[in-house]
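To start, the structure under review is shown below, and the notes come after it.
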Amino acid sequence: MKFSLFSTLAAATTLLSCLSTSSAHMAISYPRAQAGPWTKDLRNTVHAWIGFKGKKFPCGGYPKGPVTQFKAGDIIPVRFWTFGMDYNKFPPKAGIKPARHGGGSCEFSLSWDAGKTWKVIGQYTKTCPDIYYEWPVLIPKNVPSCTDSNKCLFAFSWTAYATNQFYHHCANILIKGVKGGKQPTLPITLVDFKPHRMLVHANGDGKRGRGSGPDRRERQLSTNGYYAAGGGAGTRGINLGLSGK
């Protein structure tokens with residue numbers, strides 16, 4: 001089959017157009033998550049919110065991605081990615097402008113049951129997410145093992161400031177935990193898709209480009225065991241600054 005130069009250029013233009021549609025948002029690049037460019041199943045909706053063109057919760061409904069191994073007590077230096085940046089280089093080059101929607105509130109969670117339930121292990125408000133910073137979260141030292149990478153998931157969720165949208169992106173992981181370990185007790189916050197509370201947004205920093213990065217106190221809480229079973233987070237955590245109907 002022969003292809004004209006015109007048809008080749010047209011196809012390339014269409015692809016770039018599709019990619020740029022999603023480049024306004026962010027996904028997690030570390031741990032290596034589902035449907036990113038480091039997989040064989042890159043999706044141009046990987047950055048989109050739950051509900052966009054039928055995108056489903058949890059995780060967007062994407063196939064299994066790379067598997068990253070952790071152990072109880074590890075700190076995960078979460079990184080974000082958007083189209084137009086090299087996911088192997090950190091920090092990214094200056095001038096990349098993903099639409100952060102003025103920041104918002106992020107939660108980082110673990111699931112032992114393929115996303116049926118989620119346990120929060122880190123929370124950041126106002127300035128999250130941002131591709132120019134790492135967002136560290138601790139896998140609590142007292143969690144049980146998770147040995148089935150089809151069921152064991154790490155997730156980033158984001159309620160934005162400037163839009164009433166909920167984002168959720170997942171990575172397949174394994175956890176070497178402790179005997180008799182306990183899962184964290186703080187449940188994930190779910191908004192802006194049915195049957196959950198709608199038209200919700202979070203307090204943000206209002207910035208369209210690079211922000212100021214993780215808040216010092218929230219970084220401490222996300223890395224000092226606050227979110228572990230028996231820690232201070234309990235079933236409430238910190239105030240995410242959510243408002244709406």
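Aromatic ring orientation, Phe57 versus His168: tilted (interplanar angle from 30° to 60°).
The distance from the CD atom of Gln69 to the SG atom of Cys146 is 12.0 Å, given to the nearest 0.5 Å. The OG atom of Ser145 sits 8.0 Å away from atom CD1 of Ile175, with the distance rounded to the nearest 0.5 Å. Ser149 OG to Leu174 CG: the interatomic distance, rounded to the nearest 0.5 Å, is 5.0 Å. Distance CZ/Arg197 to CG/Leu190: 12.5 Å, rounded to 0.5 Å. Put simply, CG on Asp113 and NZ on Lys151 are 8.0 Å apart, with the number rounded to the nearest 0.5 Å. For the atom pair CZ (Arg216) and CG (Leu221), the distance works out to 13.5 Å, reported to the nearest 0.5 Å.
Not less than 6.0 angstrom separates the ring centroid of Trp49 from the ring centroid of Phe166. Aromatic rings from His101 and Tyr161 are positioned such that their centres are separated by 6.0 Å or more. Taking the six-membered ring where the residue is Trp, the centroids of Trp112 and Trp118 are separated by 6.0 Å or more.
Judged by distance alone, with hydrogens and angles left aside, the side-chain atoms of Lys176 form no donor-acceptor pair with the main-chain N or O of Ala72 at under 3.5 Å. One N or O on the side chain of Trp38 and one on the backbone of Ala33 form a donor-acceptor pair closer than 3.5 Å. Not a single donor-acceptor pair under 3.5 Å links the side chain of Tyr133 to the backbone N or O of Arg210. At distances below 3.5 Å, not a single donor-acceptor pair connects side-chain atoms of Asp74 with backbone N or O atoms of Phe70. Arg236 places no side-chain N or O within 3.5 Å of a backbone atom of Ala233 that could act as its donor or acceptor partner. No side-chain donor-acceptor contact under 3.5 Å links Lys126 to the backbone of Asp215. Proximity of a side-chain donor or acceptor of Ser105 to a complementary backbone N or O of Leu240 within less than 3.5 Å is detected. A donor-acceptor pair is defined here as one N or O able to donate and one able to accept, closer than 3.5 Å; no such pair exists between the side chain of Ser222 and the backbone of Val137.
Between Ser29 and Trp81, the closest heavy-atom pair is CB-CB, 3.5 Å. Closest non-hydrogen pair, Leu242 versus Val200, comes out as CB-CG1, 4.0 Å. Considering every non-hydrogen atom in both Ala228 and Asn142, the closest pair reads CB-OD1, 3.6 Å. Between Gly115 and Pro58, the closest heavy-atom pair is O-CG, 3.9 Å. Taking all atoms of both residues into account, the shortest heavy-atom contact from Gly84 to Ile96 is O-CD1, 3.9 Å. Summarising the geometry of Asp86 relative to Asn88, their closest heavy-atom pair is OD1-N, 2.8 Å, with the distance given to 0.1 Å.
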Exercise for review: For side chain to side chain contact (heavy atoms under 4.5 Å, CB included), just list the numbers for Ile131 and Met26, CA-CA rounded to whole Å, side-chain angles, deciding distance to a tenth of an Å, and then say yes or no.
Suggested key: CA-CA 8 Å; Ile131 60 173; Met26 280 167 275; 3.5 Å; yes
Practice item. Please test Tyr30 against Val78 for side chain to side chain contact (heavy atoms under 4.5 Å, CB included), starting from the C-alpha separation and ending with a verdict. Key: CA-CA 5 Å; Tyr30 187 81; Val78 180; over 6 Å; no
Review point. Checking side chain to side chain contact (heavy atoms under 4.5 Å, CB included) for the pair Ile50/Lys56: CA distance, chi angles, key distance, verdict?
Key: CA-CA 6 Å; Ile50 297 300; Lys56 300 178 180 179; over 6 Å; no
Practice item. Kindly indicate, with the supporting measurements, whether the criterion side chain to side chain contact (heavy atoms under 4.5 Å, CB included) is fulfilled by Leu138 and Ile121. Key: CA-CA 7 Å; Leu138 173 75; Ile121 60 170; over 6 Å; no
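Of the N and O atoms on the side chains of Ser243 and His201, at least one donor lies less than 3.5 Å from an acceptor on the other residue. In this structure, a donor-acceptor pair under 3.5 Å is absent between the side chains of Gln34 and Thr39. Donor-acceptor pairing under 3.5 Å is recorded for the side chains of Gln123 and Tyr227. Side chains of Lys119 and Ser111: a donor-acceptor N/O pair is absent below 3.5 angstrom, by distance only.
Linking ILVMFWY side-chain heavy atoms closer than 4.5 Å, directly or via other members, places Phe156 and Phe90 in two distinct hydrophobic clusters. Both Leu42 and Phe52 are assigned to one and the same hydrophobic cluster, defined by single-linkage of ILVMFWY side chains at heavy-atom distances under 4.5 Å.
The residue from Thr159, Thr125, Thr189 that alone fulfils the side chain to side chain donor-acceptor pair (under 3.5 Å) condition with Glu107 is Thr189. The only option from Ile139, Asn172, Ile76 that meets the side-chain contact (heavy atoms from CB on, under 4.5 Å) definition with Phe154 turns out to be Ile76. When each of Tyr167, Phe80, Phe83 is paired with His47, the ring-ring contact (aromatic ring centres under 6.0 Å, His included) condition holds for Phe83 and for no other.
The shortest side-chain heavy-atom distance between Cys106 and Ser157 does not fall under the 4.5 Å cut-off. Residues Asp192 and Gln165 are not in side-chain contact: their nearest non-hydrogen atoms beyond the backbone lie 4.5 Å or more apart. Inter-residue side-chain proximity for Val120 and Pro187 is flagged as unmet; no heavy-atom pair is nearer than 4.5 Å. For the pair Val178 and Lys141, the minimum side-chain heavy-atom distance is 4.5 Å or more.
Using a cutoff of 4.0 Å between basic side-chain nitrogens and carboxylate oxygens, Arg100 and Asp130 are scored as salt-bridged.
A cation-pi arrangement is absent between Arg79 and Tyr87, since the terminal nitrogen or guanidinium carbon is not both under 6.0 Å from the aromatic centre and inside a 45° cone about the axis.
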